[in-house]
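Below: one structure, written as structure tokens.
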Amino acid sequence: MQFATWNVNSLNIRLPQVLDWLATHPVDVLALQELKMADDKFPIQAFTEAGWHAAWLGQKTYNGVALISKQPARDVQRNNPHFTDDHARLIAATFDAPNGESVRVIGGYFPNGQAPDSDKFVYKMAWLDALRTWVKAEMQTQPNFLIMGDYNITFDALDVWDPETLEGTIHCTQAERDQLQALVALGLTDSVRLFEQPEKNYSWWDYRDFAFRRNRGLRIDHVLISDALKAKASKAYVDKAPRKNERPSDHAPVVFEATF
DNA sequence: ATGCCTTGCTTAGCAAGA
């Protein structure tokens, strides 16, 4: 069973690329972030015609998340029930596994935070506190649990192209990394680090300054998995290929596979 | 470097991203 996450930076612009990617990477669940479209503008017909199901939470201009899936999503939850949020950032659903078990999936677009001294950073911290409360509750109801998305946080220096210069800047602060570790401490594992990866393995590259060509990136898109899924983990990788597309997203998909 | 590029919104130049 395969799961993937991709921040598409506008589904309007990237819809053809998403459909192309799904045609060659028919994962069971694809979490999308930054739809940047109102709820009633979601292109459900295009996904349906291509044979996919979808559940989404849209928002005009900013944010927006979706789960594209082979099966219909069950027990869909939009945003965190433990947090009042103006932003469309979270969507959860349950899917059947091949062996009769179920998998609970959360797709998330975590706040950027802008700068460590900003109001947006304060919001990011509060949002992460509330997320942990929700994740803890979800994990108690479903052993096969996975949370994937654009975390906007690096784990450590390995996730940063220039860790010395960027130390303490947004995505690389101790406060953000403490939050990520607190989430992990609930019993989650960074799936990509379970498997051997290329050197300087990133998931996002700035549009400016030829950052992709120079591999000046950050690994900020993650798939965190419960112990039950860790026992079934068979593969995890960043698919850099779509970052080479014409008019690419600045993020690349991250894929996780569990063998049931 | 308060810059670079890409979105949306609006239609000239911000706001926001990361």
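Residue numbering restarts at 1 for every chain, and letters A, B, ... go by the order of the sequence lines.
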Go through residues 35-46 of chain A and report each residue with a non-hydrogen atom lying under 4.0 Å from DNA chain B, sorted by number. A:Lys36
Members of residues 208-221 of chain A that approach DNA chain B, where some heavy atom sits under 4.0 Å away: A:Arg208, A:Asp209, A:Leu218, A:Ile220
Determine the interatomic distance between P on B:dC4 and the same-named atom on B:dT10; round to the nearest Å. 22 Å
Distance, rounded to the nearest Å, where A:Asn7 contributes CG and B:dT6 contributes C1': 12 Å
Specify the separation, in whole Å, of atom CG of A:Asp250 and atom P of B:dT7. 9 Å
Do side-chain atoms of A:Glu257 reach the backbone of A:Lys235 as a donor and acceptor pair under 3.5 angstrom? no
Under a plain distance cut-off of 3.5 Å, with no hydrogens placed, do A:Trp204 and A:Asp250 share a side-chain donor-acceptor pair? yes
Within this structure, what is the CG-CZ distance for the pair A:Leu146 and A:Phe3, rounded to the nearest 0.5 Å? 5.5 Å
Nearest-nucleotide pick for A:Tyr109, side chain only, options being B:dC9, B:dT7, B:dA18: B:dA18
Under 3.5 Å, is there a donor-acceptor pair between the A:Trp161 and A:Asn215 side chains? no
Is the shortest distance from a Lys or Arg side-chain nitrogen in A:Asp20 or A:Arg14 to a carboxylate oxygen in the other one below 4.0 Å? no
May I ask you to decide whether A:Arg193 forms a salt bridge with A:Asp159, counting only side-chain N to carboxylate O separations under 4.0 Å? yes
Just to be sure I understand the rule, does A:Phe110 reach a base, reach only the sugar-phosphate, or reach nothing, if contact means heavy atoms closer than 4.0 Å? nothing
Using whole Å, report how far CZ of A:Arg243 lies from C1' of B:dT6. 10 Å
Salt bridge (Lys or Arg N to Asp or Glu O under 4.0 Å) with A:Asp96: which of A:Arg74, A:Lys70, A:Arg104? A:Arg74
Of the listed B:dC9, B:dA16, B:dT7, the closest approach to the A:Tyr62 side chain comes from B:dA16
Can you check the A:Asn9 CG to B:dA18 P distance for me, whole Å? 8 Å
Nearest-nucleotide check on DNA chain B, A:Trp204 vs A:Ser10; residue mapping nearer the 5' end is A:Ser10
Report yes if a side-chain nitrogen or oxygen of A:His251 is closer than 4.0 Å to either non-bridging phosphate oxygen (OP1 or OP2) of B:dA18; otherwise report no. yes
Quick one: list whatever passes side chain to side chain contact (heavy atoms under 4.5 Å, CB included) with A:Ala228, sequence neighbours left out. A:Pro143, A:Asn144, A:Ser226, A:Lys232
Indicate whether the side chain of A:Gln17 and that of A:Trp21 have a donor and an acceptor atom separated by less than 3.5 Å. no
Round to a whole Å and report the spacing from CD of A:Gln33 to P of B:dG17. 15 Å
Can you tell me how far P of B:dC4 sits from CH2 of A:Trp205, to the nearest Å? 22 Å
Can you tell me if A:Ser118 uses its side chain to pair, donor with acceptor, with the backbone of A:Gly113 under 3.5 Å? yes
Among residues two or more places apart or on two chains, list those pairs meeting side-chain hydrogen bond (donor to acceptor under 3.5 Å, both in side chains) that have a residue in residues 107-116 of chain A. A:Glu34-A:Tyr109
For A:Asn63, report the nucleic acid contact type (base, sugar-phosphate, nothing); a contact means any heavy atom under 4.0 Å. nothing
A:Arg247 vs B:dT7: side-chain N/O to OP1/OP2 distance below 4.0 Å: yes
Roughly how many Å apart are B:dA1 and B:dT11, using the P atom of each and rounding to a whole number? 34 Å
Tell me which residues in residues 161-171 of chain A lie within less than 4.0 Å of DNA chain B, going by non-hydrogen atoms. A:His171
Closest to the A:Lys120 side chain, choosing from B:dG17, B:dG8, B:dA18: B:dG17
Rounding to the closest angstrom, what is the interatomic distance between B:dA12 and B:dT2 at atom P? 28 Å
Can you find an N or O donor on one side and an acceptor on the other, under 3.5 Å apart, linking the side chain of A:Asn112 with the base of B:dA18? yes
Residue pairs meeting side-chain hydrogen bond (donor to acceptor under 3.5 Å, both in side chains), one or both in residues 46-55 of chain A, sequence neighbours left out, come to A:Gln45-A:Glu49
Atom-pair distance (CZ on A:Arg177; C1' on B:dA18), nearest Å: 14 Å
Rounded to the nearest Å, what distance is computed from the CG atom of residue A:Asp150 to the P atom of nucleotide B:dT7? 16 Å
Between A:Leu128 and A:Met148, is there a shared hydrophobic cluster once you connect ILVMFWY residues whose side-chain heavy atoms come closer than 4.5 Å? no
Out of B:dT6, B:dA15, B:dT7, which has the shortest distance to the side chain of A:Tyr207? B:dT6
